[in-house]
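Report on one structure; see the data block that follows.
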Amino acid sequence: MLVTLIRRYSKPYLPYIAAVILFQLASTIAALYLPSLNAQIIDEGVSRGDTDYIWRTGGLMLGVALVQVATAITGVYFGSKAAMAFGRDLRRGVFRKVTSFSAKDVNVFGAPTLITRGTNDVQQVQMLVLMGLNFMVATPIMCIGGIVMALREDLSLSWLVWVSVPVLIAVVGYLVVRLMPLFRSMQTKIDRINGILREQIIGIRVVRAFVREPHETERFGGANRELTDVSLKIGSLFVLMFPAIGMILHVSTAAVLWFGGQRVDAGEMQVGSLTAFLQYLLQILMAVMMGTFMAMMIPRASVCADRIGEVLDVEPSIHEPEAPVAPTHRTGRVEYRNVSFAYPGAEEPVLSNISFTAEPGQTVAIVGSTGAGKTSLLSLLPRLYDVASGEVLLDGVPITNLERSEITGRVAMVPQRPYLFSGTIEHNLRFGKTEATDQELWDALTVAQAADFVRDKKNGLGSRIAQGGTNVSGGQRQRLCIAGALVTQPKVYLFDDSFSALDVATDARLRRALKAKTADATVIIVGQRVSTIADADQILVLDNGRIVDRGTHDELLLSSTTYQEIVESQLTAEEVA
Ligand code: M5T
Ligand code: MG
């Protein structure tokens, strides 16, 4: 997966990568040239007292050093550009994919892990690409070139290279192998922290209300401790790594000086060669170390790449039809034909054999106890889920044959738990129709009985809305969502218990205004309060996923025991009040 991802997402940046390779090649060759120039100055210039030669070679050395620095910087610049662009594209890829998910697909993963995958995981892969670009070329060339150059300086000291390099690889490799599983578990621990944090922030009121802070703090503390433990273990291995590498470098230096010194003493080697040999050995060891670090990042990044790949590979369970049908008319007639539906993974269907028709200009109300399947029934029309059997038709066409825009353009749903986006009131109202005029917004607000409180706000339509709409009351949020639906002027309105947070008087006013505004539209209302639904053209009584009775209020009062019970329970409640 790692390779596939890198290949797919780095394609647009091949010119950058080519530049990186070129500049690194130049900088590595320059770096390899420097010690041998140094040796020449000492051996030819200093030993013969040839000042002229020293100046000339010194100047050359300065030039090479400048080239080395300049090319190295340019290489890193292009490398960073390519790596960051790669990360951006990958993040965008994950985001686009998640946006195409249906409710079912999101549930398969869960929100917290989708967030980690889109951020932290992408970052890990991006980091590997960055390091890869910065060291991929330099490391092997430095290694091989260093060995060749060192051997050119002195063959008989070569055994020092053959000893120190494997020792370094063994030590760093051992630590890397110990580190890999730790990195892997770190990623899941981060997922967990994210999940708990998210849940607690969203559920903060419930936590407060039930005085669960100690318990929740403990739960978070546990996850936090686990992450800390893993990080500490990783840290303690790293702590070992640096002294170990340092020791190998220093022992190698001492050995070169010791054995080389003897050869210089014996006149078999020149001092310049000795220093050059030492520098090459250090360059080789550094390169090996970098290579091993890189190798260490690969397992972690590949765990992350797999997790990203899982998201990218999902075929959204609800997709556009292959041969979309264009409806002959767009009046907003809704028909459910023998619809059954079960949530993914559930054994029992939540809806069975649902059949009804809602004509334009009609209001269909759905009542039933909690858990009867009212929300599930509504969510089939905007295709939040697809039916298991049967058909849902919009203007005579099965919705599975309609393009998504055909459905979203004609159906507006006010969900049971209304949601507002961070931004302004205006921004939320224009969500479904960006080109709406201010007058249209105010009209919608007036119908939704929300105009007064928006007008009372200091900034009116420009008032800030916090993420999720938490800075307005539940009833205000409901009314803003209703207004948002009105702005789009759909043919079909779905109100899922959208009047529950309103008092009886406001509810009545809202529905009266709504009736005038939605005269030609199809309205499907889920309601608990009998007063909300009593004047509907057709009332469906839902029980346990089945329509048990249907008719108008008056018909049902006579024929339906379930409906009578609902009415009675509310009458007594109101009478008592
Ligand atoms: C009907 C189950 C739920 C209930 C039944 C939303 C949802 C519901 N269910 C799931 O298994 N997964 C889900 O994602 O389906 O639920 P509903 O349609 O939400 O019922 P309702 O709208 O009539 O109830 P309420 O409380 O809103 O009046 O068994 O467990
Ligand atoms: Mg519901």
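Just so you know, ligand 1 is whichever comes first in the structure, and atom 1 is the first atom listed for that ligand.
- The side chain to side chain donor-acceptor pair (under 3.5 Å) with Arg410 is formed by just one residue from the set Thr522, Thr488, Asp395; it is Asp395.
- Checked against the 6.0 Å centroid threshold, Tyr13 and Phe86 do not count as a close aromatic pair.
- Ring geometry for Tyr563 versus His553: interplanar angle over 60°, hence perpendicular rather than tilted (30 to 60°).
- Atoms OG1 and CD1, from Thr113 and Ile190 in turn, are 11.0 Å apart once rounded to the nearest 0.5 Å.
- Arg529 pairs in a salt bridge (Lys or Arg N to Asp or Glu O under 4.0 Å) with only one of the listed residues (Asp507, Asp497, Asp503), which is Asp507.
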Can you list the steps and then say if Glu440 with Lys433 is a salt bridge (charged side-chain N to carboxylate O under 4.0 Å, His left out)? CA-CA 10 Å; Glu440 286 178 318; Lys433 187 181 177 191; 3.1 Å; yes
Which protein N or O atoms sit under 3.5 Å from any N or O of ligand 1? Give each pair with its distance.
| from | atom 1 | to | atom 2 | distance (Å) |
| --- | --- | --- | --- | --- |
| ligand 1 | 18 (O) | Thr375 | N | 3.4 |
| ligand 1 | 18 (O) | Ser376 | N | 2.8 |
| ligand 1 | 18 (O) | Ser376 | OG | 2.4 |
| ligand 1 | 20 (O) | Gly373 | N | 3.3 |
| ligand 1 | 22 (O) | Thr375 | N | 2.8 |
| ligand 1 | 22 (O) | Thr375 | OG1 | 2.6 |
| ligand 1 | 23 (O) | Ala372 | N | 3.3 |
| ligand 1 | 23 (O) | Gly373 | N | 3.0 |
| ligand 1 | 23 (O) | Lys374 | N | 2.8 |
| ligand 1 | 23 (O) | Lys374 | NZ | 2.9 |
| ligand 1 | 24 (O) | Gly371 | N | 2.9 |
| ligand 1 | 27 (O) | Gln416 | OE1 | 2.9 |
| ligand 1 | 27 (O) | Gln416 | NE2 | 2.7 |
| ligand 1 | 28 (O) | Lys374 | NZ | 2.7 |
| ligand 1 | 28 (O) | Gln528 | NE2 | 3.4 |

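- Side chains of Arg479 and Gln449: no donor on one and acceptor on the other come within 3.5 Å.
- Here salt bridge (charged side-chain N to carboxylate O under 4.0 Å, His left out) pairs that include residues 85-107, with residues two or more places apart or in two chains, are Asp89-Arg92.
- Counting only protein atoms, the N, O or S atoms lying less than 2.8 Å from the Mg ion (ligand 2) are Thr375 OG1, Gln416 OE1, ordered by chain and residue number.
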Only distances under 3.5 Å count here; give the side-chain donor-acceptor pairs of residues 413-426 to other protein atoms, sequence neighbours excluded, each with its distance to 0.1 Å.
| from | atom 1 | to | atom 2 | distance (Å) |
| --- | --- | --- | --- | --- |
| Gln416 | OE1 | Thr375 | OG1 | 2.8 |
| Thr424 | OG1 | His427 | N | 3.1 |
| Glu426 | OE2 | Arg430 | NH1 | 2.6 |

